[in-house]
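Protein chains get the first letters and strands the later ones, always in sequence-line order, with residue 1 at the start of each. Everything numeric in this text was worked out from a predicted model, so none of it was measured.
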There are 2 protein chains.
Amino acid sequence: MANPPTIKEIAKRLNLATSTVSRALHNHPRIGLRTRMQVQALARELQYEPNRTAIFFQQKKTFTLGIILPELSEAFFSAAISGIEDTANKSDYMVLLGQSHDDTEREKKIAHIMKDHRVDGLLVSLAKNTVDYSHFEMLQKYNIPVVFFDRIPDLTDIHYVACNMESGTLQAVSLLLEKGHRVIGMINGPEELIASRQRTTGYQQALRKHRLKYDATLNINSDLTGKGTREAMKQLLSNKRKVTAIVAFNDYVSQDAVQYALEQGLQIGKDITFVSYANLPLSSYMAFPPIASVEQYPYLQGQKATEILLELLTGKQAKNEFRHVVLDSRLVIR
Amino acid sequence: MANPPTIKEIAKRLNLATSTVSRALHNHPRIGLRTRMQVQALARELQYEPNRTAIFFQQKKTFTLGIILPELSEAFFSAAISGIEDTANKSDYMVLLGQSHDDTEREKKIAHIMKDHRVDGLLVSLAKNTVDYSHFEMLQKYNIPVVFFDRIPDLTDIHYVACNMESGTLQAVSLLLEKGHRVIGMINGPEELIASRQRTTGYQQALRKHRLKYDATLNINSDLTGKGTREAMKQLLSNKRKVTAIVAFNDYVSQDAVQYALEQGLQIGKDITFVSYANLPLSSYMAFPPIASVEQYPYLQGQKATEILLELLTGKQAKNEFRHVVLDSRLVIR
DNA sequence: CTGTTAGCGCTTTCAG
DNA sequence: CTGAAAGCGCTAACAG
């Protein structure tokens with residue numbers, strides 16, 4: 001078996017045209033049963049395997065979806081990618097991976113490479129401080145559809161799947177209010193993220209319902225690093241009023257915040273209470289897990305986003321209208 | 001810009017042969033400076049981009065590496081994949097992802113799809129109960145080199161990168177012995193895994209050094225599930241002798257084991273002490289982290305494995321000899 | 001029902 | 001220094 005057998009090889013041996021062989025292999029209706037059988041038998045015997053790179057080239061399709069996301073070591077994204085992979089595989093698509101590591105430059109570079117590799121479509125969750133979307137607009141020019149998920153750009157003429165953080169935040173803050181907390185700090189994410197602004201809105205809604213006034217000094221934008229979290233905590237704990245509860249951006253941030261609180265001699269659950277987002281399995285390992293966490297359905301988001309992308313690719317979905325799927329986040333009390 | 005510009009297009013406009021354009025673009029030495037400049041200028045102007053699928057087809061290379069690993073949501077593997085991705089990208093290779101979810105059947109299927117997609121090479125970490133390696137032998141037939149990492153098959157005629165668990169285990173058990181523990185339980189992995197057997201050896205070595213006798217009933221093979229861990233713990237805690245320390249297969253297992261111990265009313269760090277493997281960031285979140293954890297260098301393993309694969313692909317590495325890179329695991333005391 | 005022909009975009013002999 | 005021509009493996013339009 002020097003060179004893998006081709007369709008030509010089969011044709012020659014059977015004295016047929018390559019086109020006939022191709023059709024027979026594809027069970028084309030207008031091919032005689034006899035020849036079809038012959039061809040398929042020989043193909044099996046020679047262990048013929050179509051050369052996909054030839055097909056990709058010829059059909060201008062690679063059956064490959066590119067994924068750009070910030071960081072697989074964040075449990076949210078590793079769950080999301082499973083949803084993506086499972087859904088893609090069901091339709092015989094493969095997944096090309098690219099981590100931006102939350103760096104816009106890298107994100108751009110990956111977008112270009114993905115384009116060069118001629119992925120059929122792209123699934124993207126933005127790096128946390130990406131505000132320039134030119135590298136995605138570029139993709140439109142190449143007719144490569146993009147579906148964003150979770151960390152989506154602030155644009156309307158795009159396809160996306162996301163979780164609305166308002167509902168979950170409303171529930172989270174309400175829970176704290178019902179437990180009697182009156183001064184609730186919020187460690188929010190970078191302002192660039194839509195999700196950060198939604199958290200603010202949800203927070204405000206909850207206060208309004210309870211006829212309490214919103215105090216902007218209790219809502220801190222942080223960069224989600226350990227350092228940023230500590231600074232946010234420092235600010236919150238030095239607020240004029242005594243903060244008794246914290247809404248942390250996610251379970252990792254919550255963990256860092258807890259750490260800081262402990263260092264300040266606070267007792268978790270007594271002096272200060274935490275809720276957060278993501279509802280990651282990691283919280284079951286934590287010494288002081290948040291009392292509740294807002295579920296963001298990573299697997300589902302990945303799945304939905306991929307379904308939309310596949311519809312776009314198979315033309316089931318009109319390309320001129322933009323799909324916006326918004327899941328409601330939901331508080332999970334432990 | 002209906003259809004992306006091709007080399008042909010450029011040739012026509014400049015009244016050149018496509019071959020000349022191709023050469024000019026590649027800075028072929030025997031092309032006149034003038035024409036080279038002309039071509040490159042026009043290429044830039046038209047925003048020419050080579051059609052990689054054509055090149056892949058023609059060169060029989062896809063500049064794509066396939067990755068098959070058990071589960072990205074395990075921190076070890078998400079770290080490893082970063083090492084892989086970074087190294088691959090440096091050489092302009094992309095990464096096709098496939099998770100086996102620790103299921104041999106899925107692993108086989110993915111191996112076939114990867115072959116169909118004509119990946120240039122494959123990086124593999126085995127599903128936990130894979131014992132039949134026929135799907136990897138199949139790849140050799142197609143001249144697709146495979147480099148295994150971490151969870152490697154028990155074969156010698158393969159390339160691999162792995163961590164030797166003996167050294168780390170020796171250190172871990174020694175630490176416990178030095179702290180005065182005399183009855184040390186071990187929650188080991190499935191027997192199929194080489195790493196499980198290495199742990200056993202390391203454990204025995206440590207005992208021997210301290211002139212203690214090995215007791216097989218203290219070394220339990222488990223399936224690494226939560227349930228399996230609980231059963232292993234139950235067995236260990238009902239041993240004739242009183243177990244005062246546990247060596248857990250990894251930080252996740254350690255966590256489950258701690259949970260069980262707590263339920264049995266044991267005090268962690270007093271009645272019973274834990275050490276484990278992986279040294280994952282997650283342990284910093286844990287309520288009762290192991291007092292030490294054996295580092296297994298996921299990023300480095302991914303990096304090394306990829307380097308070897310790339311050498312194989314660029315022919316720098318003789319294909320007839322097999323590369324075995326073994327890193328020594330090392331105990332990290334918290 | 002099957003064959004002929006052309007072509008996808010690029011590289012690479014072989015000629016000149 | 002440049003051109004002509006072939007070919008990678010496959011599909012598809014067009015003929016019969």
Side-chain angles (χ1 to χ4, degrees), chain A residues 1-40 42-43 46-64 92 115-120 142-143, chain B residues 1-40 42-43 46-64 92 115-120 142-143:
Chain A
M1 208 232 281
N3 289 344
T6 71
I7 227 170
K8 203 178 188 176
E9 175 78 17
I10 298 182
K12 202 187 301 173
R13 295 217 198 189
L14 258 38
N15 271 319
L16 289 171
T18 58
S19 51
T20 308
V21 175
S22 173
R23 288 182 190 116
L25 254 14
H26 286 148
N27 284 318
H28 186 114
R30 318 188 306 198
I31 290 289
L33 185 62
R34 249 191 76 80
T35 44
R36 186 188 316 182
M37 289 323 228
Q38 270 188 131
V39 169
Q40 299 195 352
L42 183 57
L46 297 182
Q47 301 202 57
Y48 167 77
E49 311 256 1
N51 181 339
R52 305 254 182 238
T53 61
I55 298 177
F56 295 164
F57 169 47
Q58 206 270 137
Q59 315 256 302
K60 299 178 193 307
K61 272 201 79 178
T62 58
F63 291 93
T64 301
D92 290 315
K115 175 212 66 183
D116 290 342
H117 265 250
R118 295 284 211 270
V119 294
D120 292 338
Y142 287 89
N143 268 312
Chain B
M1 206 232 281
N3 290 343
T6 70
I7 228 169
K8 206 178 185 176
E9 175 78 15
I10 298 181
K12 204 187 299 175
R13 296 217 198 190
L14 259 37
N15 271 318
L16 289 172
T18 58
S19 49
T20 309
V21 175
S22 172
R23 288 184 189 113
L25 255 12
H26 288 165
N27 286 317
H28 187 116
R30 315 187 309 196
I31 290 290
L33 185 62
R34 250 191 77 80
T35 45
R36 184 189 317 181
M37 288 324 225
Q38 272 188 129
V39 169
Q40 300 196 351
L42 184 57
L46 298 182
Q47 302 202 57
Y48 166 78
E49 311 257 0
N51 181 338
R52 304 253 185 247
T53 60
I55 299 176
F56 294 165
F57 169 47
Q58 206 266 139
Q59 316 255 290
K60 301 181 193 306
K61 271 202 79 178
T62 59
F63 291 94
T64 302
D92 290 315
K115 174 212 65 182
D116 289 342
H117 266 249
R118 296 285 212 270
V119 294
D120 292 338
Y142 287 89
N143 268 312

Practice task
Apply side chain to side chain contact (heavy atoms under 4.5 Å, CB included) to the pair A:Tyr48 and A:Ile7, showing each step before the final yes or no.
Solution key: CA-CA 8 Å; A:Tyr48 167 77; A:Ile7 227 170; 4.1 Å; yes
Exercise for the section: Please report the C-alpha distance between A:Lys60 and B:Thr53 in whole Å, then the side-chain angles of each, then the deciding distance to 0.1 Å, and finally whether the side chain to side chain contact (heavy atoms under 4.5 Å, CB included) criterion is met. Expected result: CA-CA 8 Å; A:Lys60 299 178 193 307; B:Thr53 60; over 6 Å; no
What side-chain donor-acceptor pairs closer than 3.5 Å can you find for residues 14-27 of chain A, not counting sequence neighbours?
from, atom 1, to, atom 2, distance (Å)
A:His26, ND1, A:Ser22, O, 3.4
A:Asn27, OD1, A:Gln40, NE2, 3.0

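The distance from atom CZ of B:Phe56 to atom C1' of D:dG9 is 17 Å, rounded to the nearest whole Å. In this structure, B:His117 atom NE2 and D:dG9 atom C1' are separated by 16 Å, rounded to whole Å. Put simply, CD1 on A:Ile31 is 13 Å from P on D:dT11, counting in whole angstrom units. Distance A:His28 NE2 to D:dC10 P: 18 Å, rounded to the nearest Å. With rounding to whole Å, A:Lys60 atom NZ is found 19 Å from D:dG9 atom P. What separates CG of A:Leu46 from C1' of D:dG9 is a distance of 15 Å, to the nearest Å. Rounding to whole angstrom units, CZ of residue B:Phe57 and P of D:dT11 are separated by 11 Å.
Annotation: the span from B:Arg118 atom CZ to A:Ile55 atom CD1 amounts to 9.0 Å, rounded to 0.5 Å. Atom CD of B:Glu49 sits about 3.5 Å away from atom OH of A:Tyr142, to the nearest 0.5 Å.
Residues that satisfy the side-chain hydrogen bond (donor to acceptor under 3.5 Å, both in side chains) test with B:Lys61, not counting sequence neighbours, are B:Tyr93. Taking B:Asp116 as the reference, A:Arg52 meet the salt bridge (charged side-chain N to carboxylate O under 4.0 Å, His left out) condition, with sequence neighbours excluded. Every residue two or more places apart in sequence or in another chain that forms a side-chain hydrogen bond (donor to acceptor under 3.5 Å, both in side chains) with A:Glu9 is listed here: A:Arg13.
Here the shortest heavy-atom pairing between B:Phe57 and A:Ala54 reads CE1-CB, 3.4 Å.
Close approach of DNA chain C to chain A, defined as any atom under 4.0 Å from a non-hydrogen atom of the protein, starts and stops at C:dC1 to C:dG9.
The stretch residues 8-17 of chain B touches DNA chain C through B:Lys8, each having a heavy atom under 4.0 angstrom from the strand.
For the helix from C:dC1-D:dG16 to C:dG16-D:dC1, the rotation axes defined at the first and last 5 base pairs enclose an angle of 40°, given to the nearest 10°.
When side chains are defined from C-beta on, A:Ile10 counts as touching A:Leu46, because their heavy atoms get closer than 4.5 Å.
The salt bridge (charged side-chain N to carboxylate O under 4.0 Å, His left out) pairs that include a residue from residues 30-40 of chain A number zero, where partners must be two or more places apart or lie in different chains.
Two rings, from B:Phe63 and A:His117, have their centers 6.0 Å or more apart.
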Any N/O pairs under 3.5 Å between the protein and nucleotides 13-16 of chain D? List them or say none.
from, atom 1, to, atom 2, distance (Å)
D:dA13, N6, A:Arg23, NH2, 2.7

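Within the 4.0 angstrom heavy-atom criterion, no nucleotide atom of any strand lies near A:Thr53.
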